[in-house]
2 protein chains.
Amino acid sequence: MAAKRSGARSKRSQGMSVRLQSVQESRGEPPLSRERIVATAVELLDTRGVDGLTMRRLADRLGSGVMSLYWHVDNKEDVFDLALDSVLEYRGPPQTVESQDWRGEVVHMLEDWRASMLRHPWSASLLPRRALGPNILGRLELLSKTLSKAGVADADLNVAIWSLWNYVMGATVTRASFDLSDDDRAAAQQRLTHLSERYPTIERSRLLLDDDWSGAFRRGLDFLLDGLAPKQ
Amino acid sequence: MAAKRSGARSKRSQGMSVRLQSVQESRGEPPLSRERIVATAVELLDTRGVDGLTMRRLADRLGSGVMSLYWHVDNKEDVFDLALDSVLEYRGPPQTVESQDWRGEVVHMLEDWRASMLRHPWSASLLPRRALGPNILGRLELLSKTLSKAGVADADLNVAIWSLWNYVMGATVTRASFDLSDDDRAAAQQRLTHLSERYPTIERSRLLLDDDWSGAFRRGLDFLLDGLAPKQ
DNA sequence: CCATTGACTCGTACGCCGTACGATGCAAAT
DNA sequence: ATTTGCATCGTACGGCGTACGAGTCAATGG
């Protein structure tokens, strides 16, 4: 049946055509390109949220017609995929001697992951529905390579990777949904009052109020890594 | 400004009016109710996915007019909230002496959580965007209570809860996105071939192919609990 | 020099969506 | 007999994603 996404992702050629920008827009925007579309999509997602990204609005911001987008992009899902992956690029730890401090490398990558996703809260809500893009796979690869080099046994490697991965994913996703639900403080407050009746323990521990998320994240991560480390 | 969701969630009264079903449908469906709407929404989500849930389709399945739904339900977001929470109910471990085996209780609840979400794959993708419903909070409360009873220090309690929580959330969310991307095997296979070029380590460890997800889930969880347990 | 090609843009239109509004039916209360 | 209030629903509006086909313009090559 209908071959969805069969190889080429849009109608534009993959080759590098070096056409100068057309004269047609006398003082308009630069010409459309996949990069410009993705960048603007991210802008739109940042300012208006997932539901605020509309092909029409996207075209408006780019100063183009709606259907022009479809030359560079398959469809709206494609835009989501590209925007998500574009936000998850990783350039490695700031300055390292090759592979000495494996633990520092892992922590840096995972904290950067978390920071990237929280900088673009829509990404956490998008991620479960999208395929794994190259930047995501790249991070998994880096994680795998680093742990392997650090001496984690092959038999434990996958469990170790997934444990760390799950931890980070869960932390960002959970955090994202908290941000949403705290949007209007009135409702949150009301939820908390009848919370103390029905959920005394989490009320007492101030589980939902403790806002040192990144500290808790780091502590849990450290704990996880302590267990994962072979010894050193 | 506009008071969204201010207290009462729909126009219907909360009181228990015991009206018998109206005579009007001579051989039709039972009368509408919030419960019937939610149950049908879950059906629809199970069979057609997140994008398959439409107010019109929902009404069709219920044998009612579209706008009738809005008497029982605020809007479509409300339907999502209710469907999600309805799927996350928890009835406790099968048969336990009060609070003896705290570890068994925690494992059971978390594995049930994971199983519930995987039974309804749309739930993982919905969760990041929705507020915390009573069933979610109930599980957090149970987790908190159990860990506290098990002797986890108050200072470590929140980190412990969030670590476990994040792990489970991440596992289900990750798993859900894998299910999506494996939808058509052709694309998956192609992704794997150029995977071995660009991502040699995760290719070698068969990270993406290892399909013993629940085994890995359990192993990682055991590890986490080992670390969390005070001693016993 | 002109015709052809192919990269790129875009106006129109279609079918579907969520839902505001107001009309209706019907049982219970007055 | 009238009023009230729960519940249903038809119509309509504005917005959405995108199929289709016509248009523009630079490069090509005869």
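Lettering follows sequence order; numbering is per chain, from 1.
From A/Leu45, atom CG reaches atom CG of A/Leu84 across 9.5 Å, with rounding to the nearest 0.5 Å.
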Please tabulate the protein-to-nucleotide N/O contacts below 3.5 Å involving nucleotides 12-15 of chain D, giving atom names and distances.
none

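One atom, CG of A/Leu58, and another, P of D/dC16, lie 12 Å apart when rounded to the nearest Å. For A/His72 and C/dC8, the NE2 to C1' distance is 7 Å, given to the nearest whole Å. Distance, A/Leu32 CG to D/dT24 C1': 15 Å, rounded to whole Å. Between the CG atom of A/Leu53 and the P atom of D/dG17 there is a distance of 8 Å, rounded to whole Å. Here D/dA19 presents its P atom at 14 Å from NZ of A/Lys76, a figure rounded to the nearest Å. To the nearest angstrom, P of D/dC9 lies 12 Å from CG of B/Asp60. The CE-P distance, from B/Met67 to D/dC6, rounds to 18 Å in whole Å. Distance, B/Met55 CE to C/dA20 P: 10 Å, rounded to whole Å.
For A/Arg139 (side chain) and A/Glu89 (main-chain N/O), a donor-acceptor pair under 3.5 Å exists by modelled atom type.
The shortest side-chain heavy-atom distance between B/Met117 and B/Leu127 falls under the 4.5 Å cut-off. With contacts defined as side-chain heavy-atom distances shorter than 4.5 Å, the pair B/Asp46/B/His120 qualifies.
Legend: residues meeting side-chain contact (heavy atoms from CB on, under 4.5 Å) with A/Glu35, ordered by chain and number and at least two apart, are A/Ser33.
Distances from the side chain of B/Asn75 to the nucleotides C/dT19, C/dC17, C/dT9 place C/dT19 closest. Comparing C/dT19, C/dC8, D/dT18 by their closest approach to the side chain of A/Trp71 singles out C/dC8.
Look at B/Ser64 and you won't find any side-chain N or O under 4.0 angstrom from OP1 or OP2 of D/dT8.
Annotation: side chain to side chain donor-acceptor pair (under 3.5 Å) contacts involving residues 36-45 of chain B, sequence neighbours excluded, comprise B/Glu43-B/Arg61.
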Steps toward side-chain contact (heavy atoms from CB on, under 4.5 Å) verdict (B/Leu143, B/Trp162): CA-CA 10 Å; B/Leu143 188 57; B/Trp162 283 130; over 6 Å; no
